[in-house]
Amino acid sequence: MAETKVESLIIVGSGPAGLTAALYSARARMNPLMIEGEEAGGQLMITSDVENYPGFEHGVTGPDLIATMRKQAERFGTRFITRNVTKVELQSRPFKVYVGQQMYEAQTIIVSTGASAKWIGLPSEKQYMNRGVSACATCDGAFFKDVEVGVVGGGDTAMEEANFLTRYASKVFIIHRSKSFKASKIMLERSQKNPKIEFIMNTVVEEIMGDGKSMNALKLKNTNSGEVIEKKLGGLFVAIGHQPNTKIFNGVLDMNEAGYLKTKPGTTITNIPGVFAAGDVQDPYYRQAITAAGSGCMASLDAERWLEAQEQHG
Ligand code: NDP
């Protein structure tokens, strides 16, 4: 029977956390194998301008930043598999990672599967997905030239999406369920100063309406007065936060109630020795590209030290 090669390290997920872990591990001669996923690169792939990643004085686009990180990791020997992990077995070592029928074995694993956009959860939202409803202004904004659109949410993502959309849309309405914002001051002010942006506060989207082919209006409810109005809009961008991608680790790795992986404070160590977690998948607080990259570096160092200790103690 052909023996499966046991890798030193498999990295699952290819955002800034995974790619930084790959870069460090490759330079440390750990010969990492990255299973990058079919939608490789993570959330930065749908981020327009990154102005706060140190080292890029004039900013950089998310896809460019990821492409550069990937090349840098590859330069030192990282190998990539552009498929999704479908199953893991972490109860005993070597750990097993499955991509469909294909099984890979590894002594250590770094989980950096990130988080994905959340949806409101209305049936009509599903019905009109990609028919007016989107969670990515960078991807779909250009389809809304001279159209009035809505953005749901009150955080930085909503502000960023709204500002970006003003490049195309004739008007952007930020629809926010609360009376205060989670968004940072600078991002909020930018939206408030933008003449193409208007705010609709204390309001939730009750239904997305359309002709079956594409959406054309929203049913909006004011949470103070209970009043329901219909607003004609050609598009809706949902920007209400994120959900960690941890389904395949359910019941195996410790998580909090929102599904974020738990790590030992100040480290990337999970409840399973030899398995480490980095980036947004374990971070409900900071969720920045730079913090993800930083924790990817930590995970690589944690994995390297753990492997060394295993070798020393047999
Ligand atoms: P946040 O959690 O910060 O904000 C989510 C917003 O969506 C809140 O205003 C929340 O309302 C609202 N919301 C949540 N669920 C629903 C729902 N079911 N229906 C209606 N509204 C809802 O998420 P973000 O994605 O905006 O930001 C996440 C992190 O990423 C933050 O740390 C942010 O700073 C960062 N970020 C930074 C950027 C940058 O610097 N360039 C760009 C984008 C994000 P409520 O306030 O009522 O809870």
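Whatever order the structure lists them in is the order used to number ligands and atoms, beginning at 1. When reading the values below, keep in mind they use all heavy atoms of this one structure, side chains included, and skip hydrogens, waters and symmetry mates. Remember, it's a predicted structure, so these values are computed and weren't measured experimentally.
If you check which protein heavy atom lies closest to atom 29 (C) of ligand 1, you get R287 NE, 3.7 Å. Atom 47 (O) of ligand 1 has its closest protein heavy atom at S178 OG, 2.2 Å. Scanning all protein heavy atoms for the shortest distance to atom 17 (C) of ligand 1 gives R177 NH1, 3.5 Å. Closest to atom 4 (O) of ligand 1, if we only count protein heavy atoms, is G155 CA, 3.7 Å. Of the protein's heavy atoms, D156 OD2, 2.6 Å lies nearest to atom 34 (O) of ligand 1. The protein non-hydrogen atom at the shortest distance from atom 22 (C) of ligand 1 is I240 CG2, 3.4 Å. Scanning the protein heavy atoms around atom 44 (C) of ligand 1, the nearest turns out to be T157 OG1, 3.3 Å.
Using a non-hydrogen distance threshold of 4.0 Å, E51 does not register as a contact of ligand 1. Residue contacts with ligand 1 include H176, since one or more of its heavy atoms lies under 4.0 Å from the ligand.
Remark: E105 engages K96 in a salt bridge, criterion side-chain N to carboxylate O under 4.0 Å. Salt bridge annotation for E7-R79: present, with a cationic side-chain nitrogen under 4.0 angstrom from a carboxylate oxygen.
Smallest separation of non-hydrogen atoms from T246 and G259: OG1-O, 2.8 Å. T270 approaches V275 most closely through the heavy-atom pair OG1-O, 2.8 Å. Closest non-hydrogen pair, A22 versus P32, comes out as O-CG, 3.7 Å.
Near Y286, meaning under 4.0 Å from any of its heavy atoms, are these atoms of ligand 1: 32 (O). The ligand atoms of ligand 1 that sit less than 4.0 angstrom from a heavy atom of G241 are 23 (O), 25 (O). Per-residue contacts place K182 under 4.0 angstrom from the following atoms of ligand 1 (heavy atoms of the residue considered): 3 (O), 45 (P), 46 (O), 48 (O). Residue-ligand proximity, E160 to ligand 1, at heavy-atom distances under 4.0 Å covers atoms 41 (N), 42 (C). Close approach to H242 involves these atoms of ligand 1, each under 4.0 Å from a residue heavy atom: 25 (O).
Both M69 and I110 sit in one connected hydrophobic cluster of ILVMFWY residues. Membership requires side-chain heavy atoms under 4.5 Å apart, directly or through other members.
Among residues at least two apart or in separate chains, ring pair (Phe, Tyr, Trp, His ring centres under 6.0 Å) pairs with a member in residues 183-214 are F181-F199.
With a heavy-atom cut-off of 4.0 Å, N52 touches ligand 1 through its side chain alone. Only side-chain heavy atoms of Q288 come within less than 4.0 Å of ligand 1; its backbone N, CA, C and O stay farther off.
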(request) Give the C-alpha distance, both sets of side-chain angles, the deciding distance and a yes or no for side-chain contact (heavy atoms from CB on, under 4.5 Å) between Q288 and N52. (result) CA-CA 9 Å; Q288 303 299 300; N52 50 12; 3.8 Å; yes
(request) Would you please test Y98 and Y104 for ring pair (Phe, Tyr, Trp, His ring centres under 6.0 Å) and show each step? (result) CA-CA 6 Å; Y98 291 84; Y104 299 90; 9.0 Å; no
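Looking at A135, A183, S180, G154 and measuring to atom 9 (O) of ligand 1, the nearest heavy atom belongs to G154.
Separation of the Y168 and F143 ring centroids does not fall under the 6.0 Å cut-off.
Using modelled atom types and a 3.5 Å distance limit, the side chains of D156 and S184 yield a donor-acceptor pair.
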